[in-house]
Number of protein chains: 2
Amino acid sequence: MIAKTIGRPSPPPLHNRLPVLRAERGLSRQDLATAISVNYQTIGYLERGEYHPSLDLALRLAEYFNLPIEAIFSRTPFSPLSEKVYGGPA
Amino acid sequence: MIAKTIGRPSPPPLHNRLPVLRAERGLSRQDLATAISVNYQTIGYLERGEYHPSLDLALRLAEYFNLPIEAIFSRTPFSPLSEKVYGGPA
DNA sequence: ACTTATTGTTGTATTTCTACAACAATAAGT
DNA sequence: ACTTATTGTTGTAGAAATACAACAATAAGT
């Protein structure tokens, strides 16, 4: 028999730019975690795409980085920022 | 004794423009719910600020309305769109 | 007055999110 | 070789998000 799914269905994984944004600013996960008041392991889960952040957390990250949420999280893969700025190969 | 809080703390309530956006488009909660594949009662909970959407749900709403998430949900109260467009009283 | 659509309320079930702890694995610096 | 910082892994616990159902309260239309 087919079990009817109750509760929250598993949403597709989410792409994120957290590692890039951290690297640009020289932040460890612990640094970022402290800045937005979460456990440092939560940052790890987010970077690996193991779960989606709450909207509250996403808004805090966006505020911290001074970016729109869509620049940090996306349902579709990100293209590298470096390419966006300098263009692709000639 | 002071019980140490484990799990997710209750984030502050979130302001939203869902009723306005629905009204502008003449959509019932059921209509919107169907469009983004959630239960119609979930829209009710969101409109009343009784809970925060997942980022996944917020992204689907933003995509549906063709707006940035920040135009739909905010930690600070929204000013009326009508005022934004036409300005305040003279 | 009747019907219908919309919204609110209450309750139960399940999954996800987040905290926290302990430890392994790397990498960097001394 | 030793220490330290950073990241990954595994496990437990508790709160929040969502589905679903049933019913009450309005409002609108006929």
Side-chain angles (χ1 to χ4, degrees), chain A residues 1-65 69 72-75, chain B residues 1-65 69 72-75:
Chain A
M1 83 100 161
I2 299 172
K4 181 179 278 198
T5 299
I6 286 290
R8 308 165 77 182
S10 228
L14 203 59
H15 303 268
N16 75 89
R17 278 199 176 117
L18 290 177
V20 184
L21 297 173
R22 274 202 305 113
E24 282 185 332
R25 282 147 233 243
L27 297 168
S28 71
R29 287 181 183 171
Q30 178 63 73
D31 292 335
L32 179 54
T34 302
I36 62 172
S37 306
V38 291
N39 191 277
Y40 79 99
Q41 293 169 340
T42 296
I43 305 293
Y45 282 116
L46 293 179
E47 293 194 354
R48 283 176 246 121
E50 290 183 24
Y51 59 56
H52 293 201
S54 65
L55 181 55
D56 191 62
L57 182 46
L59 285 170
R60 277 187 277 152
L61 283 166
E63 190 174 314
Y64 177 78
F65 286 119
I69 290 178
I72 308 179
F73 296 100
S74 171
R75 325 256 298 297
Chain B
M1 82 94 155
I2 299 173
K4 179 181 278 197
T5 299
I6 286 289
R8 310 166 75 183
S10 229
L14 203 57
H15 304 267
N16 75 90
R17 278 199 177 119
L18 290 177
V20 184
L21 296 173
R22 272 202 306 112
E24 282 185 331
R25 281 148 233 243
L27 297 168
S28 71
R29 288 182 183 170
Q30 179 63 73
D31 293 334
L32 179 54
T34 301
I36 61 173
S37 306
V38 292
N39 192 277
Y40 79 98
Q41 292 169 341
T42 296
I43 305 294
Y45 283 115
L46 293 179
E47 293 193 355
R48 281 175 247 121
E50 290 184 23
Y51 60 53
H52 293 201
S54 65
L55 181 53
D56 191 62
L57 183 47
L59 285 170
R60 277 187 277 151
L61 284 165
E63 190 174 314
Y64 178 78
F65 286 120
I69 291 178
I72 308 178
F73 295 100
S74 171
R75 324 256 295 300

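We use all heavy atoms of the structure for the numbers below, so side chains are in, but hydrogens, waters and symmetry mates are not.
- Of the possible donor and acceptor atoms, none in the side chain of A:His15 sits under 3.5 Å from a partner among the backbone N and O of A:Gly49.
- A search for side-chain hydrogen bond (donor to acceptor under 3.5 Å, both in side chains) contacts involving B:Asp31 returns B:Ser28, not counting sequence neighbours.
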Would A:Leu46 and A:Asn16 count as a side chain to side chain contact (heavy atoms under 4.5 Å, CB included) here? Give the steps. CA-CA 8 Å; A:Leu46 293 179; A:Asn16 75 89; 5.7 Å; no
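- In terms of the ring-ring contact (aromatic ring centres under 6.0 Å, His included) criterion, A:Tyr64 has no residue partners (sequence neighbours excluded).
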Take B:Ile43 and B:Gln30 through the side chain to side chain contact (heavy atoms under 4.5 Å, CB included) test and state the conclusion after the steps. CA-CA 8 Å; B:Ile43 305 294; B:Gln30 179 63 73; over 6 Å; no
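- Scanning DNA chain D for stems, defined as runs of 3 or more consecutive Watson-Crick or G-U wobble pairs whose donor-acceptor distances all fall under 3.5 Å, gives the following ranges: C:1-30 with D:1-30.
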Are A:His52 and A:Phe73 close enough, and set up right, to give a side chain to side chain contact (heavy atoms under 4.5 Å, CB included), and what steps lead you there? CA-CA 9 Å; A:His52 293 201; A:Phe73 296 100; over 6 Å; no
Check the interface with nucleotides 22-26 of chain D: list each N/O to N/O pair with the protein under 3.5 Å, or write none.
residue : atom : partner : partner atom : Å
D:dA22  : N6   : B:Gln41 : NE2          : 2.7

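- Remark: C1' of D:dT7 and CG of A:Leu32 are 14 Å apart, rounded to the nearest angstrom.
- The separation between A:Leu27 atom CG and D:dA5 atom P is 17 Å, rounded to whole Å.
- Within residues 49-60 of chain B, the residues having any heavy atom closer than 4.0 Å to DNA chain D are, in order of number, B:Tyr51, B:His52, B:Pro53, B:Ser54, B:Leu57.
- The two residues A:Val38 and A:Arg60 make their nearest non-hydrogen contact at CG1-NH1, 4.2 Å.
- Position along DNA chain D of the nearest nucleotide to B:Ser10 versus B:Ser37 favours B:Ser10 as the more 5'-ward residue.
- Tested against A:Leu55, the residues B:Pro53, B:Pro11, B:Ser54 include a single side-chain contact (heavy atoms from CB on, under 4.5 Å) partner, B:Pro53.
- Looking at heavy atoms from C-beta onward, B:Leu21 lies out of side-chain contact with B:Leu61 at the 4.5 angstrom threshold.
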Pair A:Ile36-A:Glu63, side chain to side chain contact (heavy atoms under 4.5 Å, CB included): steps then yes or no: CA-CA 9 Å; A:Ile36 62 172; A:Glu63 190 174 314; over 6 Å; no
Would you tabulate the nitrogen or oxygen pairs shorter than 3.5 Å linking the protein to nucleotides 28-30 of chain C?
none

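- Which of D:dT18, C:dT14, D:dT9 sits closest to the side chain of A:Arg48 comes down to D:dT9.
- The structure places CZ of B:Arg8 at 9.5 Å from CG of A:Asp56, a figure rounded to the nearest 0.5 Å.
- With the nearest nucleotide of DNA chain C identified for both B:Gln30 and A:Val38, B:Gln30 has the one nearer the 5' end.
- Between B:Ser28 and A:Pro11, the residue anchored closer to the 5' end of DNA chain C is B:Ser28, taking for each the nucleotide with the nearest heavy atom.
- As rounded to whole Å, 12 Å separates atom C1' of C:dC17 from atom CG of A:Asn39.
- In this structure, OH of A:Tyr45 is placed 15 Å from P of D:dT7, rounded to the nearest angstrom.
- Checked against D:dA19, C:dC20, C:dC17, the side chain of B:Arg8 finds its nearest nucleotide in C:dC17.
- Note that CD of B:Gln41 is 11.0 Å distant from CD of B:Glu50, once rounded to the nearest 0.5 Å.
- In this structure a side-chain-to-backbone donor-acceptor pair under 3.5 Å is present from B:Arg22 to B:Leu27.
- Distance CD1 (B:Ile36) to P (D:dT18): 9 Å, rounded to an integer number of Å.
- When the P atom of C:dA5 is taken as reference, atom CD1 of B:Ile43 falls 19 Å away, rounded to whole Å.
- Taking the side chain as every heavy atom from C-beta outward, A:Thr42 and A:Leu57 approach each other to under 4.5 Å.
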